[in-house]
Amino acid sequence: MAKKLVSIVVPMYNEEPMVPHFLEKIAEIINVNSDYSFEVVAVNDGSKDKTLELLHDFQKSYRFLRVVNLSRNFGHEAAVAAGLSVAKGVAIIPIDADLQDPPELIAPMLELFEQGYDVVNARRASRKEDAWIKRYTAQKFYKVIDKLSGKVRIPQNVGHYRLISRRVLDEVLKLPESNRVFRVEVPYVGFKTAEVAFTRPKREHGDTHYNMKSMIDLAINAITITSTKPLNFVFKFAMFVGIMGFISSLTQLVLFILEMTNVLVIPFINHGTFLAINIAVILTAIILVNLSLIAIYLAKTFNETQKRPFYVIESVKDNK
Ligand code: UDP
Ligand code: MG
């Protein structure tokens, strides 16, 4: 019987120092799991160093290696998406090039796959090794995104690294959005899910490509493709301000009338001025409500109509 094909998808941006270590380690894992055949889809994401040349060279020694070259640097998400689009396996595993996603988990992932799980998440059991600020923001991010996602449960501390079955990948590829965030798309698609836990080691060679800005961008993308609830929140807030302004105006008006008719005398306070301020607040709130309503529809329409490709593949070099 033909062996099942497993695709390992690895995005690479300036990973020159990591390429040999990564391939060596993956070759080891591939040898151990000899019940399967493997392809490693390495995606060069517009590296400025010799990553691409190295990969092409290594294709001579590693038969499992396929090399996808993007036309420029598109970013981590896009590089993974490009790799997924050409992967042929019945099980597909995106993994980082820096060995921070331990390849040893591939065997237990495949075991759970054989037991009938369509998704096997690799969850970081602890974030002790992260700086407190990253730990804190990551925790908040996963909490917020899980709250916003309605019926979809977004697993905490699961990044790209996971196994997905062919049918899950096909469903993910069918999602029409051009703004892609893999870690919220897989849970959206659903299917029977298991997880394996691990502790993330430090990067051994090269540097992280994630800074505060790229993490904020990722969070904003993840939230906007998951839910329009933040806009609803602005809308509700504007409504709240409007209602408060209305109640307050009414009070001021009553007090103003009472003062004018000399029924009530409150020294030092001019209820006429208060009334004017209140009316201004109400008007502002109404404008805000309108603006946020327009923003809801504009954002939706913009996302749906822009339809830019998320990545551009310059070449795919298969190994014979
Ligand atoms: N990466 C990429 N394009 C980019 C930035 C990163 O393909 O623009 C790849 C990178 O080579 C690595 C993975 O994405 O394989 C994760 O990047 P990194 O290790 O820098 O992220 P961190 O582990 O620090 O979150
Ligand atoms: Mg890393």
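Note that ligands are numbered from 1 as they come in the structure, with each ligand's atoms numbered from 1 the same way. Along the sequence shown, the residues carry numbers beginning at 1. Side chains are part of it too, since the values below use all heavy atoms of this structure and drop only hydrogens, waters and symmetry mates.
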Would you give the length of the straight line joining atom CG of Asn44 to atom CD1 of Ile313, rounded to the nearest 0.5 angstrom?
12.0 Å
Closest heavy-atom approach to atom 13 (C) of ligand 1 among Asp96, Val19, Leu99 is made by Asp96
To the nearest 10°, what's the angle at the Mg ion (ligand 2) between atoms OE1 (Gln100) and OD2 (Asp98)?
90°
Considering only heavy atoms of Asp98, which atoms of ligand 1 have at least one such atom less than 4.0 Å away?
19 (O), 23 (O)
For atom 1 (N) of ligand 1, what's the nearest protein heavy atom and its distance?
Tyr13 CB, 3.8 Å
Proximal ligand 1 atoms for Asp45, defined as those under 4.0 Å from one of its heavy atoms
2 (C), 3 (N), 4 (C), 7 (O), 8 (O)
Out of all atoms in ligand 1, which are within 4.0 Å of some heavy atom of Ala79? Include the element for each.
7 (O)
Between Pro11 and ligand 1, find which residue part has any heavy-atom pair under 4.0 Å and reply side chain, backbone, both or neither.
both
Among all protein heavy atoms in this structure, tell me which lies nearest to atom 21 (O) of ligand 1, with the distance rounded to 0.1 Å.
Tyr210 CD1, 3.2 Å
Taking Ser47 for its side chain and Asn14 for its backbone only, find out whether a donor-acceptor pair lies under 3.5 Å.
yes
I'd like to know if Lys48 and Glu16 make a salt bridge, using a cut-off of under 4.0 Å between side-chain N and carboxylate O.
no
Shortest protein contact, atom 17 (O) of ligand 1 (heavy atom only)
His209 ND1, 4.0 Å
Please list, in number order, the atoms of ligand 1 under 4.0 Å from a heavy atom of Ala97.
15 (O)
If you count the atoms of ligand 1 from 1 in the order shown, which ones are under 4.0 Å from a heavy atom of Met12?
7 (O), 11 (O)
Are Phe58 and Tyr62 an aromatic pair by the rule of ring centers under 6.0 Å?
yes
Donor-acceptor pair, Asp96 side chain versus Asp98 backbone, under 3.5 Å?
no
Whether Glu114 and Lys4 form a salt bridge (side-chain N of Lys/Arg under 4.0 Å from carboxylate O of Asp/Glu) is what I want to check.
yes
So does Glu53 pair up with Lys50, basic N to acidic O under 4.0 Å?
no
One residue to check: Glu15. Relative to ligand 1, which of side chain, backbone, both or neither has a non-hydrogen atom less than 4.0 Å away?
side chain
Strictly below 4.0 Å, N to O, side chains only: are Arg180 and Glu185 in salt-bridge contact?
yes
Considering only heavy atoms, does Val10 approach ligand 1 within less than 4.0 Å through its side chain, its backbone, both, or neither?
neither
